[in-house]
Structure formats: structure tokens, C-alpha cells
Amino acid sequence: HTLSVGSRDLAYVKYGAPEGTPVLLIHSTTPPQMTPEFRRACTRANIRVIGVHKPGSGGASIRSPKNGPAELSSDYEAIMQAEGWDRARIAGHCSGGLYALQFAKDYPARAAGLILIDTGVPFKGRGELMALPKSFRRTFLPARYIPEVLIIPHRIFVANFRRSQAGEARVVDYFFDDCPVDQNLTRTDRTYYEITRQIIEYSFEDVDRLVADVCRWAQDWSSLLEGVSAPIVFCHGNENRLFSVSRIEAFAENRENIELVVVEGGGQLQVYHDTDSFPRAVRTSLVHA
């Protein structure tokens, strides 16, 4: 679906149960249509989803990578208004969680609750970044302190990914270099190789925006997370090596508006590997509200 707002076009997909619980699902690095199994799980769970395309994708107008969560909030509001949705659960996948949080902060009357899928919690300082596994540390440290150095290596990765099947395979394998659960899935099951390839391909459509979103994710966005009044449900795999469950649990302790759905044995691919994890998070959000 496309929607014209002024001189720009917005793009989004719709799936799930037509009369189900409305969820606006915001992606920044993953294809919004997810997988057929994910869509069927939403239908079975009586969830209807709007998945929003990032700028420059799916027919949406290109925007500068500098236009991040604060600039895109009004786009999501326009989509909800066009679809006749007064309120919805606002979900964000990975760095899309920052966009979901910003939208809930800017339009609190629209947000019945928040669901953060593998978004994690912000790194408070250099020590927490240094504790990351090596491959994550190589990206998130410069993203926090010297972001301008990231664009060249990312462009090299794009070139390698597009050059040949062998180059694609190397990039897919490196993507989960410090996440054994997910790397094993991509190595042993072609389904997860293809899912990962599609995630990378979608991210590489606009490498400047990808780098900008990673840099936003690597900052201390505590004020954004704590500035939202809506109930929040984290949906997170306990084998996620980028954002550990223990840090989310520590953040959630003694906060009444926070719940956590833990996917046992799940890494960064948990929402694809356990397609019921997202419906569980939506059900938790409904109860929590």
C-alpha cells in the first residue's frame, strides 16, 4: 500500500486477521512483510498488522538518513489515520524500536502499548560496549564515538554481498559471527540463510540510512525509553549476544510498566524461529494494559 502525504509517498504492508488486535510494526533494517510463517502466526493469534517500509523502499519516497525517528513519527500517524486506526500496539523490530518509542512519545494517544522486539536497552557507557563480543564491539564502539568511520567498511560489505554467491555467503555467515545459535541456523538450514540474506539485502538498499540507524542504536537513548508512559513489553531471545536478557531484566526491575517475554534458546532470529513469540508479546501487552 502507498499513501501520499504532501509531496512524499509512504509505503506499508498489511496482513493478519482483518478484525484482530491492531499492531503498527516499525522496521528499519528488516523487510516489513516478514515471512509467510510469521504472517500466519499473526492471523492465528487474531492480530492485524501494518508493517511500515523505511524511506526509499517499497514505493516510499527517499529521505535523507538524517531524518530519523523524530522526523518519521508524523508519517506513522498519517498511516494510522488513513487506515482509520485510533489506537494500536506500537511495535519496533531491532533498531525500529527507537522509531516506535519516538512515535509513542510524540503521539501518546495513539499508543495503547509498546512492544520492543530484540531492541534491547541502551548502552550506558564505554564499559558496556567493551563487554560486547568482538564483532559487535567493532561496530557499536565506533558507532557511538566515531560514526564517520563506519560508512566505508559497510560499502565494502555491500560490494562483496552483491559481487557473487561466494561473497553473499561470506557476508551472511559474518552477520552472526558472535551469535552461535543464529550462525548455526544459517549454516544448516537454507530457510534461515534466506531470511538472513533478505534482511541484509533490505538493509543494503540504503547503506547510509543503515549506518545512521546503527549509530542511533549505539547511543544512550535512555531518555527516550524512560520518557514513554505506555506499557512496554520486551520480546527477546535469551541467546541474543548483542543485547543480553540480563540487562533488560535489570532495567525492568521495579518498573511497573515493563514486562518481558523471553524466548528460550532464541538469538537475533528468534522472532522467525519461534513465530509465536510475537503473538505472546501482543497477548502480554493486552493483559499488561
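This chain uses plain numbering: 1 for the first residue, then up along the sequence.
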CD (Glu77) and CG (Leu24) are apart, to the nearest 0.5 Å, by 11.0 Å

_Test your reading of the model: is there a side-chain donor-acceptor pair from His154 to the backbone of Leu150, 3.5 Å cut-off?_
yes

Separation between CD1 (Ile199) and NE2 (His93), nearest 0.5 Å, reads 6.5 Å

### Query
So, does Gln183 use its side chain to make a donor-acceptor pair with the main chain of Cys179 at under 3.5 Å?
no

Tell me, do Leu72 and Asn67 make a side-chain contact under 4.5 Å, heavy atoms counted? yes

- Mark yes or no: Lys54 above the aromatic ring of Tyr202, with NZ or CZ under 6.0 Å from the six-membered ring centre and no more than 45 degrees from the axis. yes

In terms of heavy-atom contacts, Ala82 and Leu3 come closest through CB-CD2, 3.8 Å

Strictly distance-based, threshold 3.5 Å: is any side-chain N or O of Asp182 a donor or acceptor partner for the main-chain N or O of Gln268?
yes

query: Should Leu286 and Arg89 be marked as a side chain to side chain contact (heavy atoms under 4.5 Å, CB included) after you check the CA-CA gap, both sets of side-chain angles, and the distance that decides it?
result: CA-CA 9 Å; Leu286 293 170; Arg89 263 64 196 173; 3.6 Å; yes

Main-chain N/O of Asp208 paired with Arg155 side-chain donor or acceptor, under 3.5 Å: no

Indicate yes or no for a side-chain donor-acceptor contact from Thr43 to the backbone of Arg39 under 3.5 Å, with no hydrogens or angles considered. yes

Discussion item. Any non-hydrogen side-chain atom of Arg216 less than 4.5 Å from a side-chain atom of Val211?
Written reply: no

*Report yes if some heavy atom in the side chain of Phe251 is under 4.5 Å from a heavy atom in the side chain of Ile248; otherwise report no.*
no

ask   = Are Arg48 and Glu19 ion-paired here, with the side-chain N under 4.0 Å from a carboxylate O?
value = no

Exercise for the section: Check the pair Ser135 / Phe175 against side chain to side chain contact (heavy atoms under 4.5 Å, CB included), numbers first and verdict last. Expected result: CA-CA 9 Å; Ser135 66; Phe175 196 72; over 6 Å; no

- Item | Side chains of Asp9 and Ser61, donor plus acceptor under 3.5 Å | no

Nearest heavy-atom contact between Val149 and Pro142 is CG2-CB, 3.7 Å

### Message
Quick check against the 3.5 Å criterion: does Arg209 have a side-chain atom that pairs as donor or acceptor with the backbone of Ser64?
### Response
yes

Please find out if less than 6.0 Å separates the ring center of Tyr12 from that of His1. yes

Practice item. Would you sort out whether Lys124 and Asp220 count as a side chain to side chain contact (heavy atoms under 4.5 Å, CB included), showing the intermediate values? Key: CA-CA 6 Å; Lys124 292 297 183 67; Asp220 184 356; 3.7 Å; yes

With the threshold set at 4.0 Å, does a side-chain nitrogen-carboxylate oxygen contact exist between Asp177 and Lys134?
-> no

Does the pair Ser28 and Ser95 meet the rule for a side-chain hydrogen bond (donor to acceptor under 3.5 Å, both in side chains), with working shown?
CA-CA 6 Å; Ser28 58; Ser95 57; 2.4 Å; yes

Residue pairs meeting side chain to side chain donor-acceptor pair (under 3.5 Å), one or both in residues 166-176, sequence neighbours left out, come to Arg138-Tyr174, Glu168-Tyr193, Asp173-Arg187

Next item on the list: Step through the shown structure and confirm whether more than 12 heavy atoms of other residues, nucleotides or ligands are within 6.0 Å of CD1 on Ile62.
Entry: no

Starting from Ile195, can I reach Leu210 by hopping between I/L/V/M/F/W/Y residues whose side chains sit under 4.5 Å apart? yes

For Leu260 and His236, the nearest pair of non-hydrogen atoms, with its separation, is CD1-CB, 4.3 Å

Q. Are Val171 and Ile156 joined in one hydrophobic group, where the rule is that I, L, V, M, F, W and Y side chains link up if heavy atoms are under 4.5 Å apart?
A. yes

| Taking Arg110 for the side chain and Trp85 for the main chain, is one N or O donor matched with an acceptor at less than 3.5 Å? | yes

Exercise for the section: Please confirm whether Arg144 makes a cation-pi placement over Phe123, using NZ or CZ under 6.0 Å from the six-membered ring centre and within 45° of the ring normal. Expected result: no

Could you check whether Arg255 pairs with Glu226 (Lys NZ or Arg NE/NH1/NH2 to Asp/Glu carboxylate O, under 4.0 Å)? yes

So CD1 of Ile258 and CD1 of Ile232: to nearest 0.5 Å the spacing works out to 4.0 Å

* Asked: So, do Arg126 and Leu141 sit near enough that their side-chain heavy atoms are less than 4.5 Å apart?
  -> yes

What one should report as the nearest heavy-atom pair of Arg283 and Asp276 is NH2-OD2, 3.6 Å

Would the distance check show the side chain of Glu71 and the main-chain N or O of Gly68 forming a donor-acceptor pair, the cut-off being under 3.5 Å? yes

**Request:** Quick one: do Glu128 and Arg247 satisfy salt bridge (charged side-chain N to carboxylate O under 4.0 Å, His left out)? Show the steps, please.
**Result:** CA-CA 10 Å; Glu128 291 185 353; Arg247 291 183 60 242; 3.0 Å; yes

Between the CG atom in Leu225 and the CG atom in Leu98, the distance rounded to the nearest 0.5 Å is 9.0 Å

Any non-hydrogen side-chain atom of Pro231 less than 4.5 Å from a side-chain atom of Glu259? no

So, for Trp217 and Phe243, is the gap between ring centers shorter than 6.0 Å? yes

Report task. Consider only side-chain heavy atoms of I, L, V, M, F, W and Y, link residues closer than 4.5 Å, and tell whether Phe161 and Ile152 are in one cluster. Result -> yes

Quiz item: Ring centres of Tyr192 and Tyr272 under 6.0 Å apart?
Solution: no

Does Ala281 offer a backbone N or O that forms a donor-acceptor pair with the side chain of Ser285 under 3.5 Å? no

Heavy atoms of Gly237 and Asp118 approach each other most closely as N-OD1, 3.7 Å

Atom CD of Glu148 with >12 non-hydrogen neighbours under 6.0 angstrom: yes

Closest heavy-atom pair, Ala11 versus Ser57, reported as atoms and distance to 0.1 Å, is CB-O, 3.8 Å

Exactly one of Leu101, Ile90, Asp75 clears side chain to side chain contact (heavy atoms under 4.5 Å, CB included) with Ile26, and that residue is Ile90

Decide if the gap between the ring center of Phe136 and the ring center of Phe140 is smaller than 6.0 angstrom.
no

Would a 4.5 Å heavy-atom cut-off, applied to side chains only, mark Leu10 and Thr2 as touching?
-> no

request  = Step by step, work out the side chain to side chain contact (heavy atoms under 4.5 Å, CB included) result for His53 and Val13.
outcome  = CA-CA 8 Å; His53 275 280; Val13 298; 4.0 Å; yes

Rounding to 0.5 Å, atoms CG (Leu114) and NZ (Lys105) come to a distance of 12.5 Å

Inset, instruction - In plain terms, say whether Arg280 and Asp274 are close enough for a salt bridge, that is, a side-chain N and a carboxylate O under 4.0 Å apart. - result: yes

TODO: Report the C-alpha distance between Gln270 and Asn240 in whole Å, list the side-chain angles of each, state the deciding distance to 0.1 Å, and finish with yes or no for side-chain hydrogen bond (donor to acceptor under 3.5 Å, both in side chains).
DONE: CA-CA 9 Å; Gln270 60 87 6; Asn240 187 317; over 6 Å; no

Here the gap from Ile200 atom CD1 to Thr30 atom OG1, rounded to the nearest 0.5 Å, amounts to 12.5 Å

- With a 4.5 Å limit on heavy-atom distance, are the side chains of Ile50 and Tyr76 in contact? no

- Task: Say whether, by atom type as modelled, one donor and one acceptor occur between the side chain of Thr119 and the main chain of Cys94 under 3.5 angstrom.
- Result: yes

Minimum side-chain heavy-atom gap Glu249-Glu253 below 4.5 Å: no

